[in-house]
2 protein chains.
Amino acid sequence: MPEMISEKIVARLCLYRRVLAELESSGISSIFSHELAERAGVSAAQLRRDIMEVGYAGSPSKGYDISGLQESITRFLYGNCKGTTSIIGIGNIGRAILSYIGRENFNINVTACFDEDRDKVGNVFYGCRCYNLNELSERTKQYNITSAILAVPETAAQSVADKLIESNIKGIMNFAPVQLKVPGDVYVENINLGIALEKVHYFARGKEGIRY
Amino acid sequence: MPEMISEKIVARLCLYRRVLAELESSGISSIFSHELAERAGVSAAQLRRDIMEVGYAGSPSKGYDISGLQESITRFLYGNCKGTTSIIGIGNIGRAILSYIGRENFNINVTACFDEDRDKVGNVFYGCRCYNLNELSERTKQYNITSAILAVPETAAQSVADKLIESNIKGIMNFAPVQLKVPGDVYVENINLGIALEKVHYFARGKEGIRY
DNA sequence: ATAACAATGTTATTTTAATAACAAGCCAAT
DNA sequence: ATTGGCTTGTTATTAAAATAACATTGTTAT
């Protein structure tokens, strides 16, 4: 990957890829920028500018070839390597995301999951074996896992993150409402559902000047 | 609320409020902008600019009064009305967020939840009674609910959203990977966990030029 | 063949967000 | 008392993102 691209563009490329996959399975073979843009909920200009980044060329008459563009975006996002990740903490959120990822196809495989609850260790959740948390480093290296989904309680988040980083993980999807301290080469995506809900409430109240 | 503020600022204000609540419960009474900023993971300049929006004034010598600032942000975000929301779909994600919201205190109360599974209807999940989905409009109006958490399967998302809008809901937190079509006065916050995971994978791979 | 059209790829402009800069204010130390 | 060194609140600057504009290209119809 030559140079890094902005988070927003990456997120939208993932979105386009998903829309393209749906379109492909419905039998369409090509699509114009404005149509694809509408389905993705973005403007046509923005979509074209994003696709410029991956370097795929459509045709002025046919638009974009769906399978070709899809493949091109996939190569851009994933290169040669397929994704391997793990989930730490098989509580409500851990299980929710596991069921979600298992169902859909993201080119990302949840290779292992971890918990310290003895009732969970050894079981298989949605096709994914649960290991004891104290095997975290060992298994992470063994399976060459490079990112992790952190779904442990707030109090444990930083110490587990530290172990992950020791095990050479470079990306963390963090569900704990804590600002993790990580080295500069580790990417953290914070998912804070509480804050998202507060946002919804704020704009539900205020949009269009509605008062109650 | 005089005029609308950007989504990003709102999200950060929610974050500050949470950090302030933690600080308050640990007995500290005032804090400087750079300290609060560090705990929230933002720059001091940005924090001060954000706080400017809510119109709270700190002191150059003491910094911000923690309870005062907290109260001020709360009033800005919530006004006089406390939040009432509902969850539609008590599957894995629905339960996860319900347990999450129940545990923490966001000034937002999950007043009702809905599902069409007869085994769930009538039960109480994390303190929240589950109603039949066909009572959605009725209950939403009855309890004066103004936002909703949409955690139903992709295929049902749009039709449920339509019912919500009919019931006068103005904010939706949408977990379904679909671009909902809603009127302009309805705010939608899309939570797409699959895309978030793909982002993590991309940056885990690319940051600092690491290749494998 | 060629003119007209429509969509692309890319550059230019505008808008928005983040950073930095700095005057004003307050306290402590002298 | 007054200077110095902090902070804050706000304005100015820079950077980033989104939008719009447009020249180019390929296709279709005449």
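So that the names make sense, note that chain A is the first sequence line, chain B the second, and so on, each numbered from 1. Predicted, not measured: the structure shown is a model, and the values here were computed from it.
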Check the side chains of A/Ser67 and A/Asp65 for a donor-acceptor pair under 3.5 angstrom, ignoring hydrogens and angles. yes
Where B/Phe114 and B/Cys130 come nearest, the two heavy atoms and their spacing: C-SG, 4.1 Å
Between N or O atoms, less than 3.5 Å apart, protein on one side and nucleotides 24-30 of chain D on the other: list the pairs.
none

Quick one: side-chain hydrogen bond (donor to acceptor under 3.5 Å, both in side chains) pairs with a partner in residues 26-38 of chain A, sequence neighbours left out? A/Ser33-A/Arg48
Can you measure B/Phe32 atom CZ to D/dC6 atom C1' for me and round it to whole angstrom units? 8 Å
Between protein and nucleotides 12-19 of chain D, what N or O pairs are separated by less than 3.5 Å?
from, atom 1, to, atom 2, distance (Å)
D/dA18, OP1, A/Arg12, NH1, 3.4
D/dA18, OP2, A/Arg12, NH1, 3.0
D/dA18, OP2, A/Arg12, NH2, 3.1
D/dA18, OP2, A/Gln46, NE2, 3.2
D/dA18, O5', A/Gln46, NE2, 3.1
D/dT19, O4, A/Arg49, NE, 3.1

Electrostatic pair B/Glu71-B/Arg75, nearest N-O below 4.0 angstrom: yes
Taking the side chain as every heavy atom from C-beta outward, state whether A/Arg12 and A/Ile9 have any pair of such atoms under 4.5 Å apart. yes
Closest non-hydrogen atom pair, A/Leu69 against A/Ile51: CD2-CD1, 3.7 Å
Note the angle between the end axes of the helix from C/dA1-D/dT30 to C/dT30-D/dA1, five pairs defining each, rounded to 10 degrees. 10°
Electrostatic pair A/Arg17:B/Glu198 at N-O distance under 4.0 angstrom: yes
Listed pairs under 3.5 Å, donor-acceptor, residues 173-182 of chain B side chains, sequence neighbours left out:
from, atom 1, to, atom 2, distance (Å)
B/Asn174, OD1, B/Ala176, N, 3.0
B/Asn174, ND2, B/Ala176, O, 3.1
B/Asn174, ND2, B/Val178, O, 3.2
B/Asn174, ND2, B/Asn190, OD1, 2.9

Donor + acceptor pair across side chains of A/Asp50, A/Gln46 (<3.5 Å): no
Atom-pair distance (OH on B/Tyr64; P on D/dC6), nearest Å: 18 Å
Hey, can you tell me if A/Tyr202 and B/Phe76 have their rings parallel, tilted or perpendicular (30° and 60° cut-offs)? parallel
Looking just at side-chain N and O atoms, do A/Tyr126 and B/Asn92 make a donor-acceptor pair shorter than 3.5 Å? yes
Of all the heavy-atom pairs spanning A/Val152 and A/Ile88, show the shortest one and how long it is. CG1-O, 3.3 Å
Under 4.5 Å between any side-chain heavy atoms of A/Thr140 and A/Gln142, yes or no? no
Remember a base hit wins even if backbone is also touched, and classify B/Ala57 as base, sugar-phosphate or nothing at under 4.0 Å, heavy atoms. sugar-phosphate
Segment of DNA chain C, first to last nucleotide, that comes within the 4.0 Å heavy-atom reach of chain A: C/dA7 to C/dA12
